[in-house]
Amino acid sequence: MTRQNVVVADTKSGINVAITMTVSNSSLFTKAVKKTRETQGGCINIPPKKVGGGARINAWVDSMRASSPTRVKSAASLSDQSSWMLRHPSALNMFEQIIEASKGKQIVMFLDYDGTLSPIVDDPDRAFMSDAMRTAVRELARYFPTAIVSGRCRDKVYNFVRLAELYYAGSHGMDIKGPAKGSKYKKETKAVLFQPASEFLPMIDEVYKALLEKTKSIPGASVEHNKFCLSVHYRCVDEKKWSMLAQQVRSVLQQYPKLRLTQGRKVLEIRPTIKWDKGKALEFLLESLGEFKTLNFKLLYYNLYVCSTKSLESPLFGCWNICNPNFDNRKKCSKGSHPT
Ligand SMILES: O=P(O)(O)OC[C@H]1O[C@H](O[C@H]2O[C@H](CO)[C@@H](O)[C@H](O)[C@H]2O)[C@H](O)[C@@H](O)[C@@H]1O
């Protein structure tokens, strides 16, 4: 395999993409995943059923704050950040090891969109990707099967990225589609299309309308329809109103026990309680690419994955996180876990 040094970089905006990497065998990997899940924060699951009353709303608001670092970084958060960087050294400094480790193996690229390919902005509809970044991703896809896995609606991500040769998994992996152009990596001609949460569409539409209604009195709040899931954004909401917003969202969700709430960066995410997530979508894509028959790993919700695999039936060989510090990704990275 040639040109393994195709790394996403946005030269126009001067964005340097820091790459963190860990190589592990699968058993180490599993242990590390467990450990970091226990110790890291980030994406906090808040089951609506278990949440009720003032104290519980406070818990929501606390976790909203925890996932939304304040403008001025405290000494504690700075030290947290450097310790994170220590545990996840830049892969740019470990390039030789990556090349060595991936010899004879197929590399598959999985990229997140927001905060990875595009900067974090106030208006989710304006999270545009730069032309330089698009060129880098196009170049990447020439050499490796490449997928974008996002919490967003698949069509919306596609409209931002506009690269027909990629795989796309939208709605947190609940809406998967293979390359429109046809892929040199995929042997079968049948297009990949997988939507495990189709039955939830009417419910999601209903909840979307209810949330629009409930949140319209809160300045700055917005609800994004991501097809199989929803996002309630509070990036532009005054912190004093977060509690009110949490209450409104909760009052809607109480009527929908089949939906669950998770949390991203200044966003409350509502999705079906099915056992499907971005990790499953990655497994699905790897299988559809014929890379794996079985996967004995739990994949991570990092911003960019580089999975290096042997051929069929071989376990995951390694996974590197490529993280863009200029895109405010550190919290995002802690959403998953990584072998350290
Ligand atoms: O899990 P992801 O694929 O990263 O999706 C998480 C959310 O990403 C988007 O919101 C984030 O980016 C916005 C644009 O920069 C920003 O305004 C927002 O505060 C961020 O949370 C997307 O709009 C959401 O629907 C996703 O849930």
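Counting convention: from 1, in listed order, for ligands and their atoms alike.
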Next on the checklist: With a 4.0 Å cut-off on heavy atoms, is Ser118 in contact with ligand 1?
Outcome noted: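 Judged by the 4.0 Å heavy-atom criterion, Ser118 does not count as contacting ligand 1.
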Next on the checklist: Looking at ligand 1, is there an atom of it that comes within less than 4.0 Å of some heavy atom belonging to Lys278?
Outcome noted: yes
Taking only heavy atoms of [X] into account, list the atoms of ligand 1 that are under 4.0 Å away from them.
X	value
Asp122	17 (O)
His233	10 (O), 18 (C), 22 (C), 23 (O), 24 (C), 25 (O)
Gly151	1 (O), 2 (P), 3 (O), 5 (O)
Pro124	14 (C), 23 (O)
Pro119	15 (O)

Checklist outcome for this item: With sequence neighbours left out, the residues meeting ring pair (Phe, Tyr, Trp, His ring centres under 6.0 Å) with Phe160 are Tyr113, Phe128
Next on the checklist: Just so I know, are the side chains of Lys278 and Asp112 near enough to count as touching, which here means a heavy-atom distance under 4.5 Å?
Outcome noted: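 In short, these two side chains touch, coming nearer than 4.5 Å.
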Next on the checklist: In the structure I gave you, are the side-chain heavy atoms of Gln247 and Ser251 within less than 4.5 Å of one another anywhere?
Outcome noted: no
Checklist entry - Between the main-chain N or O of Val161 and the side-chain N or O of Arg134, is there a donor-acceptor pair closer than 3.5 Å? => result yes
Checklist entry - Counting N and O atoms only, with roles assigned by atom type, does the side chain of Ser171 sit under 3.5 Å from a partner on the main chain of Asn226, one being a donor and the other an acceptor? => result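 Yes; judged by distance alone, with no hydrogens or angles, the pair exists.
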Next on the checklist: Applying salt bridge (charged side-chain N to carboxylate O under 4.0 Å, His left out), can you list everything that pairs with Asp125, at least two apart in sequence or on another chain?
Outcome noted: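 Asp125 satisfies salt bridge (charged side-chain N to carboxylate O under 4.0 Å, His left out) with Lys156 only.
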Item to check | Pick from Val121, Asp112, Asp114, Val157: the one approaching atom 17 (O) of ligand 1 most closely through a non-hydrogen atom | outcome: Val121
Checklist entry - Of the choices Glu224, Gln263, Arg152, which has the non-hydrogen atom that lies closest to atom 24 (C) of ligand 1? => result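 The residue whose heavy atom sits nearest atom 24 (C) of ligand 1 is Glu224.
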Item to check | Parallel, tilted or perpendicular, as decided by the 30° and 60° cut-offs, for the rings of Phe284 and Phe194 | outcome: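 Ring orientation of Phe194 relative to Phe284: parallel.
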Checklist entry - Do the charged groups of Lys280 and Asp277 touch, with an N to O distance under 4.0 Å? => result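 Between Asp277 and Lys280 there is no salt bridge, as every charged N stays at least 4.0 Å from the carboxylate O atoms.
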Item to check | Salt bridge present between Glu213 and Lys216 (N-O < 4.0 angstrom) | outcome: yes
When you compare ligand 1 with [X], is there at least one nitrogen or oxygen pair between them that comes in under 3.5 angstrom?
X	value
Val267	no
Asp123	no
His172	no

Next on the checklist: With a heavy-atom distance limit of 4.0 Å, tell me whether Ser150 approaches ligand 1 through its side chain, its backbone, both, or neither.
Outcome noted: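 The answer is both.
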